[in-house]
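Notes for the one structure printed next.
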Amino acid sequence: MSTDLSISRATDPCDANPPLLPPRVAEPGTSGACLECRQRHLKCDGRRPCKRCVDSESNCVFVPSRRGQRTHTRGCSQSIAAQEAVSSPGIKRTQQDAGFLAGDCRRKSSFRSATSPALGSLVAWSKFAPRPASAGPRQYRLHPAVSFERCIPSYYHHFHPSHPLVLPQQHLLPRVKEEALQPLLAVMHWVGSKYIAPEMDQQPLLDIARLSVDEAQTKRANGFTVQAMTVLLVALDGTGYPQQAVELLARTKQMALWLGMNYSQFITESKTRSGVLDESWRRTWWELYVLDGMFAGAHRATSFSLFDVPTDVGLPCEEDDYETDQIPEPCSLQDLSDRDLSIKRCDFSSFSYRVLSVQNLGKVMQNHEAAEVDATVHAQLEVLLSSWRHNLPASKRDSLRRDGRPDEMMFQAHMLNHTTSILLHQSRAQLDLAPAQAIDACAPPAAASTTPESDECAAAAAAAAAADHPRVSLHARHVATAANEIGKLMTHRTPLTLHTHFFICAVVLASIVQLSAWSGGGGGGGDDDDDAGVREQVRLCIGALRQMSSVWGLATKALGQVRGVAGHVHFVRTQSRQMEQFLVDVTEEDMMSMFAADTLTLADIGTV
DNA sequence: TCCATCGGAGTGTAAAACAC
DNA sequence: TGTTTTACACTCCGATGGAC
């Protein structure tokens, strides 16, 4: 402490040299020892940076002292929430979000303040762990199961293939001590922990990631901050904080545009002299672009605003080329648009087809927003979607690479194409969406029908489909096919948790279509085989959501809703069948006596 | 022998409780 | 309003054990 400085300095071998900076001057409200020294239970000389940190090339970070505070004994939720509110004033929080930020008294054991023994157990901040510039006023005790060394490989194995914007592992690890990378590493740490220890409380890591990103937003606007924000917003959305994710998406887009990441000039001016880092910047822009479209399509709570933003950033390369640092000259978006008409040869990556697929989604959504979509425009949009599928090179027609490994980029591209097809045709297929009104895990429920005469219309739709009304049945077929194709994506022999969490929304959309079909009588005609087929599709969707719920909170919510509706539809269908059987068995005499009994009952009720 | 880890004693501090 | 009590934060000595 500052009071016994003279004694400790005289005996401390660290102070053998005369100090170049003034000896320990504890800033008001700041701890006397840096985090590194506190963690190691060693005497800190209080200089900034301190001698130990200089020698060990560690980040020398001083955080505000909480000495004397009693935040955990009374009104702890409030005080911590208030603290957090100050740390990131730009964020409007929902009640749920406030909960996830504040934690509560019951979680005390998992993030116990760093009283003396605890600091030594801060495994997260070990030698190679990221250290946010302000680790925040709270310290956390982390289980070794979620150590940095385990969580980062987990991130690359589970999450990175779905959103491959950050540097490949072998390029990132040598840079873990760079200040600019700390928020990104903190976010990756949290995301990686979600897969390896889903049963554990990941709140501490999430809090650290949030604090780190919040701070970076105000202090360090750079490409790595955009990457950290992008990864965080995806994971927040999947975890079940959609409002937070949407707000963060808006700020991330703002920062990316402010930095000029939509122009290749951003890369040339970065002067990275690293092909793989240049590629990482290209990917950051296009990932944000794709996510903007996915958010708009999946949640229908945002607009795909990046769709109209001018850009000349080259398209990302194949994943294998990125991993092996063999980055080819990037193809342009114009090349992609002209791909079948131009003489110029360009091998487009799976990521590029994913970009193209999300562009189609953007075009459909643009027209979707118009009150009435002209039939011609509607047909043109369908041509776009079909053309995308038909003109895929043979190697991109399924979601596997040449060597049989899954190609997540093409998986998502197909997923987007089928989802867009449902969005395009759903309203014209005149599905009876009433049974699925309770399913709002991804997006607010669609109107039960497109016209005010909804009930009549739904009934008419079923009748028209049964009579094979040419237009309605065509749209219904498109919707049913797309839902079945999404079903096929679920049957790939790849763990579903390795896919992007947006697949949950595709599964939910397919579930809604299947449930509508089921409640309307299977394939429309009430045939037993059709009925069993649709029922199996619903079961498949439930199974997929169950598997993904082991990681993503969003899937847990969707699972509950889809199962609830499926149970209700099953019940109604069973009752209806029993009634049909009853009507077949009953005689005319039985019927007349029942009517008489009913009339008497009604008369009794009337007199009461 | 060196070095990293960490238990725990000693101390500091601000909130809460209490006295006047 | 001033004083005392209390609970917790914080520092860092020194024991311990693993690596070389």
Side-chain angles (χ1 to χ4, degrees), chain A residues 1-17 19 21-87 102-150 176-177 204 207-208 211:
Chain A
M1 288 303 302
S2 51
T3 48
D4 63 356
L5 242 187
S6 56
I7 300 166
S8 56
R9 290 181 69 81
T11 55
D12 187 359
C14 293
D15 291 333
N17 299 323
L21 292 167
R24 172 175 291 167
V25 184
E27 289 177 8
T30 305
S31 301
C34 69
L35 284 179
E36 187 77 15
C37 292
R38 280 164 64 179
Q39 181 190 338
R40 295 163 67 185
H41 293 204
L42 296 173
K43 187 171 168 57
C44 181
D45 64 14
R47 291 180 224 162
R48 295 163 194 243
C50 74
K51 190 169 186 306
R52 273 186 219 282
C53 288
V54 171
D55 291 347
S56 62
E57 295 179 11
S58 306
N59 273 342
C60 193
V61 180
F62 288 82
V63 298
S65 169
R66 295 202 307 155
R67 184 173 268 175
Q69 292 177 2
R70 298 182 186 185
T71 51
H72 290 157
T73 48
R74 260 168 241 190
C76 63
S77 304
Q78 285 169 340
S79 66
I80 295 171
Q83 231 171 9
E84 298 286 6
V86 170
S87 76
D104 62 17
C105 306
R106 283 163 296 169
R107 212 184 289 121
K108 186 176 172 183
S109 60
S110 68
F111 69 86
R112 207 182 79 178
S113 273
T115 50
S116 38
L119 256 173
S121 311
L122 283 172
V123 289
W125 312 126
S126 60
K127 198 168 181 180
F128 299 105
R131 217 170 267 107
S134 78
R138 280 182 285 163
Q139 304 295 326
Y140 299 107
R141 182 197 284 274
L142 295 172
H143 193 275
V146 291
S147 67
F148 180 75
E149 289 77 6
R150 291 191 72 202
V176 292
K177 289 194 174 178
D207 284 355
I208 290 168
L211 283 168

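Within every chain, numbering begins at 1; the chains are lettered A, B, ... in the order of the sequence lines, protein sequences first and strands thereafter. Here the structure is a predicted model, which is why all the values come from computation and not from measurement. Atom set for the values below is all heavy atoms of this structure, side chains included, hydrogens, waters and symmetry mates excluded.
- Across B:dC6, C:dC12, B:dA4, the shortest atom-to-atom separation from the side chain of A:Arg40 is found for B:dA4.
- Side-chain N or O atoms of A:Arg52 include one that pairs as donor or acceptor with a backbone N or O of A:Lys43 at under 3.5 Å.
- Comparing B:dC6, C:dC12, C:dC10 by their closest approach to the side chain of A:Arg38 singles out C:dC10.
- Taking atom NZ of A:Lys43 as the reference point, atom P of B:dG10 lies 18 Å away to the nearest angstrom.
- Rounded to a whole Å, the CG atom of A:Leu42 is 14 Å from the P atom of B:dG7.
- Using a 5.5 Å limit on the distance between ring centres and a 30° limit on the angle between planes, the aromatic ring of A:His41 does not count as stacked on the six-membered base ring of B:dT5.
- Base pairing in DNA chain B yields stems of at least 3 consecutive Watson-Crick or G-U pairs, both distances under 3.5 Å, namely B:1-19 with C:1-19.
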